[in-house]
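One structure is given here, and the rest of the page talks about it.
Every chain is numbered from 1 and lettered A, B, ... according to where its sequence line falls, protein lines coming before strand lines. What you see is a predicted model; the values in this text were computed from it and never measured. FYI, side chains are in, hydrogens and waters are out, and symmetry mates aren't considered; it's all heavy atoms of this structure.
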2 protein chains.
Amino acid sequence: MPRPSEPTRERIVQAASALFYNEGIRRVSVDEVAARAGLTKRTLYYHFKSKDDLVAAYLAARDQPNLALFRKWFAEAEGGLPVKVEAIFKNLARSARHPKWKGCGFLRTSAELANMPGHPAIRIGAAHKKKFEDWLRATFADEGIADPLKLARQILLLLDGSFAVVLLHRDPSYMETAGEAARTLIETALAKQGRKRG
Amino acid sequence: MPRPSEPTRERIVQAASALFYNEGIRRVSVDEVAARAGLTKRTLYYHFKSKDDLVAAYLAARDQPNLALFRKWFAEAEGGLPVKVEAIFKNLARSARHPKWKGCGFLRTSAELANMPGHPAIRIGAAHKKKFEDWLRATFADEGIADPLKLARQILLLLDGSFAVVLLHRDPSYMETAGEAARTLIETALAKQGRKRG
DNA sequence: GTATGTATACTAACCAGTGAATATACACAA
DNA sequence: TTGTGTATATTCACTGGTTAGTATACATAC
């Protein structure tokens with residue numbers, strides 16, 4: 001049955017996403033992805049030139065939706081800057097309580113492929129995290145915070161730290177602890193700013 | 001050549017450590033470990049009942065040395081509590097600049113084996129991080145900090161976050177940024193304590 | 001009648017784990 | 001001092017299964 005093509009490619013990426021995220025990159029074979037997508041491996045290799053290419057597509061598909069979710073959680077929270085950022089951590093803790101949650105796909109992929117530094121999937125993961133960092137930086141800059149890049153990176157470190165720690169201990173309360181730390185750091189930065197301007 | 005045994009087991013763990021840390025768990029075959037240790041796979045299976053068992057031994061061997069290194073960096077630093085904790089991050093940044101550095105073996109293993117929650121290696125990793133957390137907690141408690149467990153967890157989150165982020169971006173300066181955040185959090189906790197005690 | 005897309009069938013390598021045999025060191029007996 | 005049994009340690013050769021990737025042919029749409 002030829003001619004679907006675009007939907008076919010999409011179906012493959014969907015299947016790859018579910019499997020790679022749930023089981024890990026090297027654990028999942030191309031055959032398994034093809035089977036889950038309901039087609040043969042040969043067809044998969046028509047749409048993707050290699051497994052590495054497929055792994056990159058898996059992460060690329062998560063980039064925008066993930067960022068949009070963080071922005072939504074931030075925007076919907078009622079309160080000042082510290083509270084809005086903390087809301088991201090609280091929502092993340094809620095996601096992490098779902099039984100199928102298995103951490104951050106970008107970080108887990110970079111951990112698994114740590115022996116292949118230039119791998120396209122790692123590049124996509126790095127770009128994704130940079131986008132998040134830059135969104136935070138811009139947000140902090142708008143609020144007049146003194147060193148917005150540094151603060152953005154510190155929040156990012158807490159966020160990615162909570163992904164790693166919660167995955168290890170399977171205890172989402174660490175995310176709320178990270179959120180409190182984020183709030184403290186932002187409040188401190190805002191206080192410094194007040195002192196300088198006041 | 002029979003009868004070495006203890007040194008043999010040790011040699012296997014050494015070989016496994018180098019390979020698993022550098023290339024990843026599932027990337028490395030038992031044959032490769034045996035070859036690097038200079039013996040046959042059958043001998044390896046005499047000392048370890050399975051590959052999973054070997055992976056657990058790899059992490060178990062890293063537990064105490066890793067903790068000792070952190071304690072050493074803390075003890076050798078000149079200054080108050082915030083500076084001593086920050087010194088851990090600075091030393092870590094120095095290690096991360098070595099070309100063979102590939103993040104935290106415990107976290108990378110838990111990321112790679114995220115689909116096997118009860119895996120013995122993950123348990124060992126979790127116990128390792130708990131030991132570090134508890135050492136920090138006790139240290140903070142000795143200094144009279146109000147909620148020492150919370151602060152210990154926040155520092156841990158920054159530490160593990162820096163492992164993840166530096167591995168992704170290959171930019172060790174994030175570790176120094178994390179160290180600054182740690183210092184800020186500790187200083188804030190000490191200031192609160194000061195206010196309460198008057 | 002040619003581009004595009006899909007399937008069958010295959011390769012060559014790899015991989016975790018095992019069955020059976022063997023070699024050595026050491027304890028103890030003669 | 002020499003012979004012998006036994007637990008420990010090691011090797012060779014193998015199995016059954018999996019893997020990423022491909023050569024070739026076939027089907028459909030326009």
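Regarding A:Leu44, its CG atom lies at a distance of 14 Å from the C1' atom of D:dT22, rounded to whole Å. Rounded to whole angstrom, the span from the CZ atom of B:Arg11 across to the C1' atom of D:dT10 amounts to 11 Å. Atoms CG (B:Leu39) and P (C:dT24) sit 17 Å apart, rounded to a whole Å. Here the P atom of nucleotide C:dG5 and the OH atom of A:Tyr45 are 19 Å apart, to the nearest Å. Atom CG in A:Leu19 sits roughly 12 Å away from atom P in D:dT19 (whole-Å rounding). Note: CD1 (A:Ile25) to P (D:dA20) measures 11 Å, nearest angstrom. Rounded to whole Å, atom P of C:dA16 lies 15 Å from atom CZ of B:Phe48.
For B:Thr40, counting side-chain heavy atoms from C-beta on, the closest listed nucleotide (C:dA7, D:dC12, D:dA20) is D:dC12. For A:Arg42, whose side chain is taken as the heavy atoms from C-beta onward, the closest listed nucleotide among D:dT24, D:dT11, C:dG17 is D:dT24.
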Between N or O atoms, less than 3.5 Å apart, protein on one side and nucleotides 13-15 of chain C on the other: list the pairs.
none

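Between C:dG5 and A:Tyr46, a contact under 4.0 Å exists linking OP1 or OP2 to a side-chain N or O. Taking side-chain N and O atoms only, A:His47 has a distance below 4.0 Å to OP1 or OP2 of C:dT6. Listed pair A:Thr8 / C:dT6 meets the phosphate criterion, a side-chain N or O lying under 4.0 Å from OP1 or OP2. Using a 4.0 Å cut-off, no side-chain N or O of B:Thr43 falls inside it from OP1 or OP2 of D:dA9.
When the side chain to side chain donor-acceptor pair (under 3.5 Å) test is applied to B:Lys84, no partner is found at least two apart in sequence or on another chain. Looking at residues two or more places apart in sequence or on another chain, you find no ring pair (Phe, Tyr, Trp, His ring centres under 6.0 Å) involving A:Phe140.
Pairing for D:dT4 is with C:dA27, a Watson-Crick or G-U wobble pair whose two hydrogen-bonding atom distances lie under 3.5 Å. Across all strands shown, D:dT28 forms no Watson-Crick or G-U wobble pair with both distances under 3.5 Å.
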What donor-acceptor contacts under 3.5 angstrom involve side-chain atoms of residues 35-44 of chain A, with partners at least two apart or in another chain?
{"from": "A:Thr40", "atom 1": "OG1", "to": "A:Thr43", "atom 2": "OG1", "distance (Å)": "3.2"}
{"from": "A:Lys41", "atom 1": "NZ", "to": "A:Asp31", "atom 2": "OD1", "distance (Å)": "3.3"}
{"from": "A:Lys41", "atom 1": "NZ", "to": "A:Asp31", "atom 2": "OD2", "distance (Å)": "3.4"}

Cut-off 3.5 Å, no hydrogens considered: what does the side-chain donor-acceptor table look like for residues 65-82 of chain A, sequence neighbours left out?
{"from": "A:Trp73", "atom 1": "NE1", "to": "A:Asn91", "atom 2": "OD1", "distance (Å)": "3.4"}

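No side-chain heavy atom of A:Val85 sits less than 4.5 Å from a side-chain heavy atom of A:Arg183.
Listed by first and then second residue, the ring-ring contact (aromatic ring centres under 6.0 Å, His included) pairs involving residues 95-125 of chain B are B:Phe106-B:His128 (not counting sequence neighbours).
Judged purely by distance below 3.5 Å, without hydrogens or angles, the side chains of A:Ser173 and A:Asp171 pair a donor atom with an acceptor atom.
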